[in-house]
2 protein chains.
Amino acid sequence: MPRAATTTDAFNAIAEPRRREIIDVLRGGRAHAVGELVKRLRIPQPTVSKHLGVLRRVGIVSVSRHGQRRMYRLNAEELKPVHDWVKIYERFWTHQLDRIKERAERKATERTADKG
Amino acid sequence: MPRAATTTDAFNAIAEPRRREIIDVLRGGRAHAVGELVKRLRIPQPTVSKHLGVLRRVGIVSVSRHGQRRMYRLNAEELKPVHDWVKIYERFWTHQLDRIKERAERKATERTADKG
DNA sequence: CGATTATATTCCCATATGGGAATATGTCAA
DNA sequence: TTGACATATTCCCATATGGGAATATAATCG
């Protein structure tokens with residue numbers, strides 16, 4: 001089995017830095033034409049189109065035709081699974097107070113560990 | 001250019017679901033032997049070892065020898081870049097009140113857009 | 001119509017992948 | 001030493017990748 005396709009899910013899609021850059025530009029909520037992204041990011045047009053294709057298949061962006069242009073808009077909710085997963089680890093690098101919770105929870109976990 | 005190596009950064013490393021599972025098991029803070037992970041996740045030992053190798057090269061886990069076993073421990077801080085990036089999008093799927101902030105910020109962004 | 005602009009698609013290629021199977025390495029115990 | 005156990009490594013392969021270059025598609029304009 002090779003590596004999972006980039007279009008498998010958000011995790012795979014955002015692994016590519018240029019796709020994250022595209023997402024960042026689209027963050028404002030406003031739809032952007034491909035040409036705008038090309039200019040902003042200084043990435044060749046076919047490359048941008050391909051990356052947008054991946055993001056679209058995953059559902060992270062959606063397109064609409066507007067005359068000659070295709071307007072891409074962010075569907076940020078598709079990033080929620082990534083946030084949900086990584087958020088759990090937030091406490092590992094945040095402040096003092098959370099460390100207490102962390103330790104307490106670890107104890108509880110160890111107590112119930114290796115039951116299966 | 002092929003896809004970036006899985007060992008490039010945390011984004012690439014966590015794209016693989018089994019590696020996320022491993023991280024999840026290590027979440028308690030306690031170090032785990034490879035064999036424990038094999039049993040818990042029902043994944044062949046060589047596969048687990050390879051995934052641990054990737055995670056180790058990225059710095060997400062660290063190893064220590066303890067007799068015959070190698071104990072793997074989570075270094076969750078390495079996940080912070082992922083959290084930092086995705087956290088910005090949290091407001092897109094959270095409650096009502098944040099939507100106000102969102103709209104306000106969008107207006108401000110649009111005002112200063114396309115200056116470069 | 002033809003020309004221009006905007007975007008997508010195709011073709012090419014070097015490359016890393018994840019899994020399976022087999023094997024190597026390392027460590028303990030008798 | 002031998003054998004059992006724990007883990008890592010190697011070899012194999014089908015496959016998707018991202019980029020470059022070239023080209024196709026599609027819409028607008030004159």
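Throughout, a chain's letter reflects where its sequence line sits, starting with A, and its residues are numbered from 1.
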Q: Assign a letter to each nucleotide of nucleotides 15-21 of chain C from its 5' end: B, base within under 4.0 Å of a protein heavy atom; S, sugar-phosphate only; -, no contact.
A: BSBBBBB
Q | Nearest-angstrom distance from the residue atom CG of B:L52 to P of D:dT7 | A | 10 Å
Q.
Using the rule that Ile, Leu, Val, Met, Phe, Trp and Tyr join whenever any side-chain heavy atoms are under 4.5 Å apart, tell me whether B:L52 and B:V54 fall into a single cluster.
A. no
(Q) So that I can tick it off, tell me whether A:R27 and A:E21 are bridged by a salt bridge, with the cut-off set at under 4.0 angstrom between side-chain N and carboxylate O. (A) no
Pull out every protein N or O sitting under 3.5 Å from an N or O of nucleotides 3-6 of chain C, one pair per line with the distance.
from: C:dT5; atom 1: O2; to: A:Q68; atom 2: NE2; distance (Å): 2.2

Q: Please report, rounded to the nearest Å, how far the P atom of C:dG26 is from the CZ atom of B:R65.
A: 9 Å
Identify all side-chain donor-acceptor contacts of residues 6-15 of chain B below 3.5 Å with residues at least two apart in sequence or on another chain.
from: B:T8; atom 1: OG1; to: B:A5; atom 2: N; distance (Å): 3.2
from: B:T8; atom 1: OG1; to: B:A5; atom 2: O; distance (Å): 2.7
from: B:D9; atom 1: OD1; to: B:F11; atom 2: N; distance (Å): 3.3
from: B:D9; atom 1: OD1; to: B:N12; atom 2: N; distance (Å): 2.9
from: B:D9; atom 1: OD1; to: B:N12; atom 2: ND2; distance (Å): 2.8
from: B:N12; atom 1: ND2; to: A:A15; atom 2: O; distance (Å): 3.4

Q. Is there a donor-acceptor pair closer than 3.5 Å between any side-chain N or O of A:R73 and the backbone N or O of A:G29?
A. yes
Q: Please confirm whether any donor atom in the side chain of B:Q45 sits under 3.5 Å from an acceptor in the base of D:dA6, or the reverse.
A: no
Q. Any side-chain N or O of A:Y72 under 4.0 Å from OP1/OP2 of C:dA8?
A. yes
Q: Please list all pairs passing the side chain to side chain donor-acceptor pair (under 3.5 Å) test where one or both residues lie in residues 77-86 of chain B, with sequence neighbours left out.
A: A:D24-B:W85, B:K80-B:D84
Which pairs would a plain distance check flag for residues 56-72 of chain B, meaning a side-chain donor or acceptor within less than 3.5 Å of a matching protein atom at least two apart in sequence or in another chain?
from: B:S62; atom 1: OG; to: B:N75; atom 2: OD1; distance (Å): 3.1

**Q.** Distance in angstrom units between B:L37 CG and D:dA6 C1', rounded
**A.** 13 Å
Q. Partners of A:Q45 by side-chain hydrogen bond (donor to acceptor under 3.5 Å, both in side chains), sequence neighbours excluded?
A. A:S49
Q | Partner set under side chain to side chain contact (heavy atoms under 4.5 Å, CB included) for A:T47, not counting sequence neighbours | A | A:R18, A:I43, A:P44, A:H51
